[in-house]
Amino acid sequence: MNRKLERKLVAIGSIWQIFSGLLTIFAYGSYIKSKGSSIQDTSFAQMKAMQSLFGSLYSFTVTFGMFFVILGIFNLYLVRSLKDDVVEVRRSVWFLVLGVSSYFLMDFIGAVLFLSAGILALAKNKTISRLHVTSKPY
């Protein structure tokens with residue numbers, strides 16, 4: 001059975017992950033960094049504390065963005081190695097887990113794409129396994 005639709009959904013979801021990760025790193029990270037450097041009218045101790053806080057937020061933002069970029073690249077690899085007419089249970093479950101985690105991270109585009117791909121892959125797995133059982137002679 002052809003897995004073209006799952007490949008397209010996961011590829012679009014992966015590209016979206018890479019794009020949102022880069023956007024998080026460069027746009028949101030730069031915004032946090034600029035807010036941290038524009039602190040004025042405070043004492044020296046308060047200024048250092050606020051710069052430390054914004055530095056930690058910047059580090060978290062960049063790490064979070066890099067996580068999305070690496071996850072997107074990994075999923076692009078999984079798309080390339082997804083085979084037709086083979087039952088792929090682990091990858092289907094991976095796509096479902098990725099969709100649920102995207103939902104909890106408020107990434108609704110990724111959630112819809114990965115949940116759709118996971119459900120389609122599981123449905124095709126069932127069909128492929130039934131086709132293999134009925135095609136084998138006894």
Side-chain angles (χ1 to χ4, degrees):
M1 230 178 169
N2 192 351
R3 294 195 180 266
K4 188 175 181 180
L5 184 58
E6 292 96 329
R7 282 190 195 103
K8 284 183 181 180
L9 289 172
V10 174
I12 292 168
S14 300
I15 291 168
W16 169 250
Q17 281 182 327
I18 293 170
F19 174 73
S20 66
L22 291 174
L23 190 68
T24 301
I25 292 170
F26 293 115
Y28 192 60
S30 298
Y31 173 75
I32 289 174
K33 197 69 158 174
S34 70
K35 286 295 179 182
S37 64
S38 66
I39 299 171
Q40 298 173 357
D41 298 330
T42 58
S43 68
F44 181 74
Q46 288 176 335
M47 184 177 67
K48 283 296 187 187
M50 292 299 286
Q51 284 178 346
S52 175
L53 175 68
F54 280 105
S56 297
L57 283 173
Y58 175 76
S59 297
F60 176 77
T61 303
V62 169
T63 304
F64 191 73
M66 283 302 297
F67 173 72
F68 267 94
V69 170
I70 291 169
L71 202 57
I73 292 169
F74 177 71
N75 287 327
L76 283 176
Y77 167 75
L78 287 180
V79 166
R80 304 282 290 164
S81 62
L82 194 64
K83 297 176 185 158
D84 292 337
D85 296 324
V86 176
V87 177
E88 301 270 1
V89 177
R90 289 183 181 162
R91 290 189 183 146
S92 304
V93 172
W94 169 251
F95 297 146
L96 288 174
V97 167
L98 202 57
V100 170
S101 63
S102 293
Y103 176 76
F104 285 118
L105 291 173
M106 304 301 267
D107 179 18
F108 296 119
I109 295 171
V112 168
L113 291 169
F114 288 118
L115 284 173
S116 300
I119 290 169
L120 281 170
L122 284 176
K124 285 186 180 178
N125 282 345
K126 191 165 188 153
T127 305
I128 290 169
S129 66
R130 287 194 180 179
L131 285 174
H132 286 294
V133 168
T134 58
S135 67
K136 290 182 182 178
Y138 293 104

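Side-chain atoms are counted along with the backbone in the values below, which use heavy atoms only and exclude waters and symmetry mates.
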Taking side chain to side chain contact (heavy atoms under 4.5 Å, CB included) as the test, write out the residues that go with [X], two or more places apart.
X	result
F104	V100
V87	V89, N125, I128, S129
L5	L9, L120

Of the non-hydrogen atoms in [X] and [Y], which two are nearest, and what is the gap between them?
X	Y	result
S14	G72	CB-O, 3.4 Å
Q17	F68	O-CB, 3.7 Å
A111	S102	N-CB, 3.6 Å

Interatomic distance, [X] atom [atom1] to [Y] atom [atom2] [nearest 0.5 angstrom]:
X	Y	atom1	atom2	result
I15	S20	CD1	OG	12.0 Å
L78	I73	CG	CD1	12.5 Å
T24	F60	OG1	CZ	10.0 Å

Practice task
For side-chain contact (heavy atoms from CB on, under 4.5 Å), just list the numbers for V10 and L113, CA-CA rounded to whole Å, side-chain angles, deciding distance to a tenth of an Å, and then say yes or no.
Solution key: CA-CA 7 Å; V10 174; L113 291 169; over 6 Å; no

Grouping I, L, V, M, F, W and Y whenever their side-chain heavy atoms are under 4.5 Å apart, do [X] and [Y] come out in a common cluster?
X	Y	answer
I109	L23	yes
V69	M106	no
V62	L71	no
I119	I12	no

Pairs meeting criterion salt bridge (Lys or Arg N to Asp or Glu O under 4.0 Å) with involvement of [range], two or more places apart:
range	answer
residues 114-128	E6-K124
residues 87-110	E88-R91
residues 17-39	none

Apart from [X] itself, what residues make up its hydrophobic cluster, given side-chain heavy atom links below 4.5 Å?
X	result
V86	none
V112	none
L82	none

Exercise for the section: Sequence neighbours left out, what pairs pass ring pair (Phe, Tyr, Trp, His ring centres under 6.0 Å) with at least one residue falling in residues 17-48? Expected result: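 Non-adjacent pairs meeting ring pair (Phe, Tyr, Trp, His ring centres under 6.0 Å): W16-F19.
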
Practice task
Kindly assign one of parallel, tilted or perpendicular to the pair W94 and F74, based on the angle between their ring planes and the thresholds 30° and 60°.
Solution key: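 Ring orientation, 0 to 90° scale: perpendicular.
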
Handout entry: Heavy-atom neighbours of F54 CZ exceed 12 at 6.0 Å
Key =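 Buried by this count: over 12 neighbours within 6.0 Å.
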
Handout entry: Derivation of the side-chain contact (heavy atoms from CB on, under 4.5 Å) call for L76 and I18
Key = CA-CA 10 Å; L76 283 176; I18 293 170; 3.8 Å; yes

Practice task
Any side-chain hydrogen bond (donor to acceptor under 3.5 Å, both in side chains) involving residues 48-71? Give me the pairs, sequence neighbours left out, ordered by first then second residue.
Solution key: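 For residues 48-71: none.
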
Problem - side chain to side chain donor-acceptor pair (under 3.5 Å) against S43, all qualifying residues, sequence neighbours excluded - result: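 Once residues adjacent in sequence are excluded, S43 has no partner under the side chain to side chain donor-acceptor pair (under 3.5 Å) criterion.
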
